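Reviewing the structure listed below.
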Amino acid sequence: MKKNLFINVILALTFICISATIAHKTLRSAFKKDFLIGAAINASQIEEKNDAEATLLREQFSAITPENIMKAEVIHPGWDRYNFTLADKIIALGEKNHMVVNGHTLIWHSQLPLFARQIQQADSFRTYFTEHINTIASRYKGKIYSWDVVNEALNEDGTMRKSVFLEKLGNDFVTEAFRLAEKASPGTELYYNDYNNEQPKKREGCINLIKKIQDAGVRIDGVGIQGHWQKGKVPLKEIEESILAYHALGLKVMITELDIEMLPRNFDGADVANRQASNPALNPYAAGIPDQLLQDQATDYANLFKLFLKHRDKITRVTFWGMHDGQSWLNGWPIRGRTNYPLLFDRAFSPKPAFHAIMALK
Ligand code: 9MR
């Protein structure tokens with residue numbers, strides 16, 4: 001009897017040890033008690049065309065954001081025409097893999113379909129705006145965890161960006177968008193998302209925008225700091241100040257599009273309209289990147305995650321803008337055809353030093 005008990009205790013202890021080891025092999029389990037770990041995924045990843053990518057996604061990530069297929073030009077290409085095929089598929093993928101889906105994005109000045117850009121009359125534009133939000137948000141009511149309701153409405157100095165939305169609908173369009181989204185999809189979390197909104201001037205503008213929504217009695221649940229940063233230049237102080245400032249407004253904070261870029265460029269931020277001319281000198285690691293640089297990147301990532309863990313009561317999700325280096329938008333922006341290394345997994349889907357540095361914090 002005693003011998004059996006002893007064997008059972010040993011078996012139980014072995015099981016606990018093995019489980020603990022397994023638990024710390026993936027990002028989603030290591031950070032389970034802290035925040036969701038997300039990835040932006042493209043059409044082929046939504047359709048699970050590649051088995052190794054599908055496994056990587058399922059094992060490592062607990063949240064997904066469609067990189068492009070919920071943007072206006074894809075999901076709403078004509079006045080009365082919607083294309084929900086891939087959007088429906090990402091919702092189904094999320095359910096299957098127990099990953100929350102963040103909708104990206106209802107209102108953005110970029111990637112608008114031609115018909116929307118050509119609307120002349122302000123009242124027709126308002127009808128477009130209303131129908132767009134109503135139709136899409138209500139379709140995914142009860143199915144989608146959160147929406148980036150408005151994306152990138154601010155300039156670097158904190159003033160409102162001169163977009164077609166501002167021009168046709170006036171200053172209140174952001175508040176209006178949140179009001180419509182809340183009505184169409186009451187149970188969904190609603191976020192404002194931007195890049196560089198950790199920088200003091202833009203942060204100030206972002207705070208004013210959020211207060212305006214709140215003062216109108218409209219719900220906003222969180223703010224996304226995109227997090228397109230560059231190696232050796234991650235603004236840790238500004239990021240911490242921003243986490244505290246947004247949290248003080250009663251909001252959840254998310255890092256929504258994280259990557260740490262390894263190649264040179266001559267400006268900060270992530271405005272997709274900014275581009276640089278191609279030049280081989282600006283693509284130095286096409287044949288491979290020195291290990292030292294990957295170690296430096298790992299240090300940047302570790303410092304960032306130390307900060308995120310310190311504020312784990314305020315941060316609800318950290319999403320990478322892509323799963324692996326081969327997929328990153330930074331291979332094509334701001335200069336086309338480069339070889340960049342911004343994420344935690346390499347082109348063969350293997351973990352990089354940055355992955356190990358983050359996991360070592362747990
Ligand atoms: O990663 C996206 C890329 O594939 C698209 O070509 C680009 C076009 O606008 O948008 C990229 O994603 C952007 C995101 O939607 C909003 N923040 C900046 C991201 C990087 O440009």
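In each ligand, atom 1 is the first atom listed, and ligand 1 is the first ligand listed. A quick note: this is a predicted structure, and the numbers were derived from the prediction, not measured. Throughout, residue positions are numbered sequentially from 1 according to the sequence presented.
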Would you say H228 has any N or O atom under 3.5 Å from an N or O of ligand 1, going by distance alone?
no

Under 4.0 angstrom from ligand 1, any heavy atom of W333?
no

Given M70, K71, E67, which has its nearest heavy atom closest to atom 11 (C) of ligand 1?
K71

Location of contacts on Y195 toward ligand 1, heavy atoms closer than 4.0 Å:
neither

Donor-acceptor pair, distance only, cut-off 3.5 Å: does the side chain of R117 make one with the backbone of L112?
yes

Ring center gap for F355 and Y301 short of 6.0 angstrom
no

Whether F173 and F129 hold their rings parallel, tilted or perpendicular, with breakpoints at 30° and 60°:
perpendicular

Centroid-centroid under 6.0 Å between W321 and H104 rings:
yes

Atom 21 (O) of ligand 1 - nearest protein heavy atom and its distance:
V272 CG1, 2.8 Å

Under a 4.5 Å cut-off applied to non-hydrogen side-chain atoms, are E238 and R203 in contact?
yes

Under 4.0 Å to a heavy atom of W329 - the qualifying atoms of ligand 1, by number:
1 (O), 20 (C), 21 (O)

Assess whether side-chain hydrogen bond (donor to acceptor under 3.5 Å, both in side chains) is satisfied between D194 and Y192, documenting all intermediate values.
CA-CA 7 Å; D194 215 328; Y192 175 74; 2.6 Å; yes

What class does the angle between the rings of F345 and F61 fall in, given that below 30° is parallel, 30 to 60° is tilted and above 60° is perpendicular?
perpendicular

May I ask you to list the atoms of ligand 1 that are less than 4.0 angstrom from any heavy atom of N151?
16 (C)

Can you find an N or O of N68 that's nearer than 3.5 Å to an N or O of ligand 1?
yes

Looking only at protein heavy atoms, which one is nearest to atom 19 (C) of ligand 1, and how far off is it?
E257 OE1, 3.3 Å

Can you report which non-hydrogen protein atom sits closest to atom 16 (C) of ligand 1, along with the distance?
E152 OE2, 3.2 Å

Could you tell me whether some N/O pair between Q111 and ligand 1 is separated by less than 3.5 angstrom?
yes

Please evaluate residues E198 and W229 with respect to the criterion side-chain hydrogen bond (donor to acceptor under 3.5 Å, both in side chains), reporting the C-alpha separation (whole Å), side-chain torsions for both, the decisive distance (0.1 Å), and the verdict.
CA-CA 11 Å; E198 75 281 359; W229 291 308; 2.8 Å; yes

